[in-house]
Protein chains: 2
Amino acid sequence: MKGNLNKELVIRLLKYRRILTQLKSLGFEKVFSNNLGDAIGVAPALVRKDFSLLVLGGNKRGGYRIDYLSEQLNKILGKTREQRIIIVGMGKIGSAVAQYKGFHQGDFEVAAGFDIAPENVLPTVGIPIYPTSEIQSFVEREHIEVAILSVPEDVSTECHKILKNAGIRGILNFTPIELKTTQNCIIHNINIGVEIENLFFQVVKNTLPQDVEASLASIIDEELVDVDSEDTP
Amino acid sequence: MKGNLNKELVIRLLKYRRILTQLKSLGFEKVFSNNLGDAIGVAPALVRKDFSLLVLGGNKRGGYRIDYLSEQLNKILGKTREQRIIIVGMGKIGSAVAQYKGFHQGDFEVAAGFDIAPENVLPTVGIPIYPTSEIQSFVEREHIEVAILSVPEDVSTECHKILKNAGIRGILNFTPIELKTTQNCIIHNINIGVEIENLFFQVVKNTLPQDVEASLASIIDEELVDVDSEDTP
DNA sequence: CATTTGTTGTGCTACTTTTCACAAAAACTA
DNA sequence: TAGTTTTTGTGAAAAGTAGCACAACAAATG
Ligand SMILES: NC(=O)c1ccc[n+]([C@@H]2O[C@H](COP(=O)([O-])OP(=O)(O)OC[C@H]3O[C@@H](n4cnc5c(N)ncnc54)[C@H](O)[C@@H]3O)[C@@H](O)[C@H]2O)c1
Ligand SMILES: NC(=O)c1ccc[n+]([C@@H]2O[C@H](COP(=O)([O-])OP(=O)(O)OC[C@H]3O[C@@H](n4cnc5c(N)ncnc54)[C@H](O)[C@@H]3O)[C@@H](O)[C@H]2O)c1
């Protein structure tokens, strides 16, 4: 077995766990690799490979025992760690996420929100809101390790610094500024704007032509002509 | 040149475009591969490869001309297509996205929102809200191709069907149910819950040990012991 | 004009991740 | 018991993706 827990694998494991929890609550006892594959959108062989890699065995013919799988995944993924996070920037998405109750069986909760204008945040978000100046002390006092960043993009890097100085070890960044992971602070960027634009692109690419590849080639050939006539000497 | 526009490449191109627009508005005229690489978090060599693949030439020593690059990217990516999208499920995230004004230079806009309880949606979202029953006719009348899905997870697949039947070609799915791309309808899933859980995992993995690989191995070895003593015969 | 400097363009290499394909094993059947 | 079915486990092949290293070349310098 290799210490081979790459990023995609971890995401699949988290998804397996979610599905297993649901299946269990529905009274199922075993599950096959193709069920799980369907549920999270990957090939059954990959499901088997994943489990094989983690030395989680199933039964030939009988599939995998849900209880066992789910318990082992919990150990590997760090089950009921009762993690708590903070949200910096309690605007539209910040507030939405603060009220999100769909996290895996209450595995973690939002401890507080921070904003430069806390008085504008509606109390309906249901968590305490503090001014930005209190981030540092709160993080230290409450031992917070992970933050969500959802401030306007022009203060993105500034807030990033504040969070790093406060000792935050991981940031889920919703601003369109691509922040970078460092030794002490892991960044995951979610860029919803890019996601939508990407979807548009995939849709037109899918819609326009019969033979996708050919059409792309032709689009790019047009470009080539333009290039020649306009810029290249 | 190959018709080699893979998914990651497209996302990088979208990010380049965003950066180029910003640089232009700041008065810059040329840019180097390492600037762009820094900005979107990839190696300079990859930036050059990308442009080389698309036959977008730079000048040895002089870098790339921003105007030219940005114009060509617009052609490739489908510039001012004035796309319009709808949002199904105008709850917390649905409403947040409806009010998001950060899309690439107004490239597209949210045409309408749909909800099973339109009367509960605050008028401050600033777009027209209609009952779910009107999705089909609206999509046909207004030639909508892309939708955002942000309904509760238990009606996720039901709404997915409605959207497909209405002729929607692409869905950005925020529900934790993994929907699947079909011939006629591309799905991109964004699972914020999993993203947060993943970040937690990466943080503890990063925080706990000095030698990450070793510790992972040991975690998994523990599991192995449990396995042997509990389940495997 | 010769030399130095800085940056692109890209073949090749290396790596990561997924899929294929099929033997092996367990569970059913009769 | 023998035969059939079903599903796992996995080595090997394939596909996808990024990075290196360096020649080529334009611009700047003296
Ligand atoms: N709304 C969306 O759907 C959406 C989608 C994707 C990305 N984003 C990005 O998320 C970020 C926030 O978007 P939003 O729509 O929620 O904006 P918003 O304006 O509703 O919220 C921003 C919040 O940040 C607060 N803020 C401003 N400066 C601050 C500072 N220095 N420290 C702490 N808080 C500060 C503001 O008071 C406000 O409450 C933006 O970067 C945006 O690009 C938003
Ligand atoms: N809030 C978050 O931060 C967040 C984050 C990640 C994912 N999600 C997911 O996004 C989805 C929505 O989350 P939310 O927090 O906005 O929930 P929400 O309850 O605030 O919003 C759901 C909305 O969908 C509407 N709705 C219900 N049934 C419908 C139907 N059949 N057709 C159309 N509309 C219908 C409801 O009236 C409500 O307005 C959920 O699946 C949730 O898991 C939310």
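Chain identifiers are assigned alphabetically (A, B, ...) following the order of the sequence lines, protein sequences preceding nucleic acid strands; residue numbering begins at 1 within each chain. Quick caveat, the model's predicted, so the values are computed rather than measured.
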### Query
In whole angstrom, what separates B:Leu53's CG from C:dG11's C1'?
13 Å
### Message
Side-chain N or O of B:Arg48 versus OP1/OP2 of D:dG19: is the shortest distance under 4.0 Å?
### Response
no
### Interatomic distance, B:Lys7 NZ vs C:dT18 P [rounded to whole Å]
12 Å
### Message
Before we go on, tell me: are the rings of B:Phe51 and B:Tyr64 under 6.0 Å apart, centre to centre?
### Response
yes
### Donor + acceptor pair across side chains of B:Asn173, B:Thr175 (<3.5 Å)
yes
### Query
Rounded to the nearest Å, what distance is computed from the CG atom of residue B:Asp50 to the P atom of nucleotide C:dT8?
13 Å
### Task
Could you check how far CG of B:Asn35 sits from C1' of C:dT7, rounded to whole Å?
11 Å
### Task
Measure the distance from CG on B:Leu46 to P on C:dT7 and round it to the nearest whole Å.
19 Å
### Task
Look at the side chain of B:Lys49 against the base of D:dG19 and say whether a donor-acceptor pair falls under 3.5 Å; ignore hydrogens and angles.
yes
### Task
Go through C:dA21, D:dT8, D:dC20 for me and flag the one nearest to the B:Ala45 side chain.
D:dC20
### Query
Quick one: A:Leu54 CG to D:dG9 P, roughly how many Å, whole number?
12 Å
### Task
Indicate for each nucleotide in nucleotides 25-30 of chain D, in 5' to 3' sequence, whether protein heavy atoms under 4.0 Å reach the base (B), only the sugar-phosphate (S), or nothing (-).
BBBS--
### A:Asn34 side-chain N/O to A:Gly37 backbone N/O, donor-acceptor pair under 3.5 Å
no
### Task
Look only at the side chain of B:Asn165 and the backbone of B:Ile162, and say whether a donor-acceptor pair between them is shorter than 3.5 Å.
no
### Message
Applying a 4.0 Å non-hydrogen cut-off, can you work out what B:Tyr64 is touching in the nucleic acid: base, sugar-phosphate, or nothing?
### Response
sugar-phosphate
### Query
Whole Å only: how far is the CG atom of A:Leu56 from the P atom of D:dT7?
20 Å
### Task
Could you please name the option among D:dT17, C:dT18, C:dC20 that lies closest to any side-chain atom of B:Glu8?
D:dT17
### Query
Roughly how many Å is it from OH in B:Tyr68 to C1' in C:dT8, rounded to a whole number?
14 Å
### Query
A:Asn34 or B:Ala43: which one's nearest nucleotide on DNA chain D is closer to the 5' end?
A:Asn34
### Message
Between A:Arg18 and B:Glu197, does any NZ, NE, NH1 or NH2 come within less than 4.0 Å of an OD or OE carboxylate oxygen?
### Response
no
### Query
Just by distance, with hydrogens left out, do B:Thr182 and B:Lys164 show a side-chain donor and acceptor under 3.5 Å apart?
no
### Query
So, are A:Arg84 and A:Glu109 salt-bridged, with charged N and O less than 4.0 Å apart?
yes
